[in-house]
Amino acid sequence: MTEFAIRTEGLTKIYTEITRGGLKRRVTVGLEDLNLEVNNGEVFAFLGPNAAGKTTTIKLLTRLHYPTRGEAWILGRSNAKRETMRQVGYLPEQPRLYDYLTGKEFLDFIGRIFGLNRQDRNKKIIHLLKMVGLQGRADESIRGYSRGMVQRLGLAQALLNDPMLLILDEPMSNLDPLGRKDFRDLILELKKQGKTIFFSSHILSDAEMVADRIGILKEGRLVSTGTMADLVGSQVTGVDITFHAGEEDIKKIQNIFKEAVVQGQEIMLTLENASIVPEFLRRIEHWGGQIISVIPHRKTLEELFMSELGR
Amino acid sequence: MRIWAIALNTFKETIRNRILINILLFAIGLILLSMIVGDWSLNEQAKIIKDFGLSAMSIFGLLIAIFIGIRLMVQELEQRTIYIIASKPIHRWEIVSGKYLGLAITLAINVLLMSGALWGAGWIMESRIDFGLVPAIILIYVEILLIVGFALFFSTFMSPTLSALMTLIVFVAGHLIGVLREYVQMFPDKSFNWLFKAIYTIFPNLEYLNLKMAVVEHLSRSPHAVIFGLLYGIGYILIIHLFTIWIFQKKDFK
């Protein structure tokens with residue numbers, strides 16, 4: 001088995017649009033020189049603001065778009081080969097399904113495309129409908145489904161072929177908080193089964209909770225990639241110290257730390273340099289102060305995201 | 001088989017479409033109504049019903065091609081249901097061919113139902129079923145398939161309105177090719193001849209598929225004409241289908 005579930009080399013997409021009756025030519029870079037490696041069995045979150053190129057990447061991986069340059073391999077095989085997709089499950093962003101079909105008919109149709117026989121289709125459909133919580137609504141027309149239900153059915157179709165790799169485009173955007181929790185649990189369950197999950201999101205908290213590694217995309221370029229620990233976990237960006245002190249000491253401290261917050265005899269301040277914390281704590285004790293709490297804080301994914309995007 | 005899966009789904013989509021049912025009911029109603037019109041003309045009732053019925057089949061086939069054929073592809077692309085299908089281990093030509101096949105099955109059922117109405121009306125007037133209409137009906141079906149082929153072709157890269165307009169142009173021009181050819185022969189120096197020549201070179205001559213007059217008037221016709229019409233229509237269908245596949249194959253799904 002190949003080491004990478006997804007690998008891209010110089011993947012680029014440039015869109016050329018003819019506007020104003022053919023008089024103007026507008027060129028937009030959708031994705032530029034993407035070199036990405038997603039390991040087997042990991043949950044990879046692909047983050048970025050709107051129009052950063054997340055969906056473009058996914059469309060290139062699933063061959064809904066053709067690259068201008070570069071190549072992509074899925075589970076060690078070129079994604080240009082249709083058979084490669086036999087091992088892939090894909091859920092588009094805000095999926096629209098055939099609303100004249102019932103949920104069950106839709107999954108049956110997808111099963112036929114994968115060439116599953118009737119017995120296998122029925123078995124899998126029953127199992128998946130139960131898994132996504134739609135077993136009671138399977139014979140209803142999709143036209144009557146809520147957006148959350150469509151999302152769940154969309155996930156069921158992505159799992160019908162028992163894929164090794166799941167590509168999910170903004171999978172949690174249509175779900176309520178409870179649905180998002182179910183979805184996160186499902187992702188972790190699928191990971192336990194050895195599947196690789198590659199998903200795009202703009203909901204950072206969801207990514208933070210389930211992703212092993214993340215990639216941040218900005219204006220069509222990958223600006224950061226790594227494990228959560230690499231990117232946000234280990235770096236202490238400051239330490240909040242709260243302590244009791246006498247009135248005179250408070251005045252001294254306020255002269256040095258202009259941003260210190262004082263409430264009665266309690267003072268709270270943030271030290272940005274963590275290395276001076278032990279010395280500072282010794283001084284407080286020396287002044288006769290009483291330490292209440294010392295809380296180091298690390299960079300959050302949101303802060304990393306904002307700094308990478310230059311905001 | 002993947003093509004069959006797509007065809008079956010397309011068939012379900014089209015028969016559950018209210019527009020199709022409305023057009024079909026209207027067509028059958030109109031064919032039956034022709035009995036009243038036929039009643040006004042002495043000794044010509046049966047002939048008028050057949051003529052009217054066959055023409056109705058052709059025109060309503062065109063309407064179905066425009067309203068169902070174009071909608072079928074446009075809806076798939078605009079509603080982005082294509083994302084689900086095209087990302088599966090399926091070739092794009094299988095998607096296009098499956099859709100065409102599914103539509104062809106729906107159209108065959110429509111033509112059979114309209115033929116049933118026509119024969120029913122004929123039975124009431126003549127107390128017999130005129131199986132002499134069969135060659136004309138087969139060629140009408142081929143003509144509808146050809147028009148649907150064009151509708152699918154245009155709708156892979158044009159807006160629905162423009163696709164409908166272009167399909168209509170193919171239908172009208174296709175029936176006027178003989179007239180245009182005669183015009184160019186009679187007036188070889190006219191300035192618009194290049195356009196007419198282009199039309200009758202590119203567009204299918206739908207009059208090759210028109211046996212309405214011959215079967216209604218019981219004119220003698222060579223069996224070669226029927227076979228030629230059949231082969232001509234099928235040949236054109238294959239060509240336009242290959243072009244549709246070619247465009248669909250190269251398309252980025254927006």
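In the text below, chain A, chain B and the rest are named by the order of the sequence lines, each starting its count at 1.
- For chain B, the option among A/K13, A/E83, A/Q94, A/E105 with the highest count of heavy-atom pairs below 4.5 Å is A/E105.
- Contacts with chain A were tallied for B/R80, B/E94, B/K12; B/K12 has the most, counting heavy-atom pairs under 4.5 Å.
- Between B/H91 and B/W93, the ring planes are parallel. Angles under 30° get that label, and only those over 60° would be called perpendicular.
- For the 3.5 Å distance criterion, the side chains of B/S87 and A/T62 fail to qualify, holding no donor opposite an acceptor.
- Side-chain contact of A/Y98 with B/E76: a donor-acceptor pair under 3.5 Å is present, judged by distance alone.
- Heavy-atom pairs under 4.5 Å with chain A were tallied for B/I85, B/T81, B/I6; the largest tally goes to B/T81.
- The parts of A/L101 that come within reach of chain B are both its backbone and its side chain, each placing non-hydrogen atoms under 4.5 angstrom from that chain.
- No side-chain N or O of B/N205 forms a donor-acceptor pair with one of B/Y236 less than 3.5 Å apart.
- Of the atoms belonging to A/R63, it is backbone heavy atoms, and not side-chain ones, that fall under 4.5 Å from chain B.
- In this structure, B/H241 has its ring center under 6.0 Å from that of B/Y100.
- Contact of A/Q87 with chain B is not made at all, since no heavy-atom distance falls under 4.5 Å.
- In this structure, chain A has a heavy atom under 4.5 Å from the side chain of B/L8, while its backbone stays farther away.
- Of all the listed residues (A/Y90, A/Y100, A/Y15, A/F106), the one sharing the greatest number of non-hydrogen pairs under 4.5 Å with chain B is A/Y100.
- The pair A/D108-A/R118 does not meet the salt-bridge criterion, since no charged nitrogen lies less than 4.0 angstrom from a carboxylate oxygen.
- Looking at A/Q135 and A/H127, their side chains never bring a donor and an acceptor atom within 3.5 Å of each other.
- Neither the backbone nor the side chain of A/K81 comes within less than 4.5 Å of any heavy atom of chain B.
- Taking A/M85, A/H65, A/K59 one by one and counting their heavy-atom pairs under 4.5 Å with chain B, the maximum is reached by A/H65.
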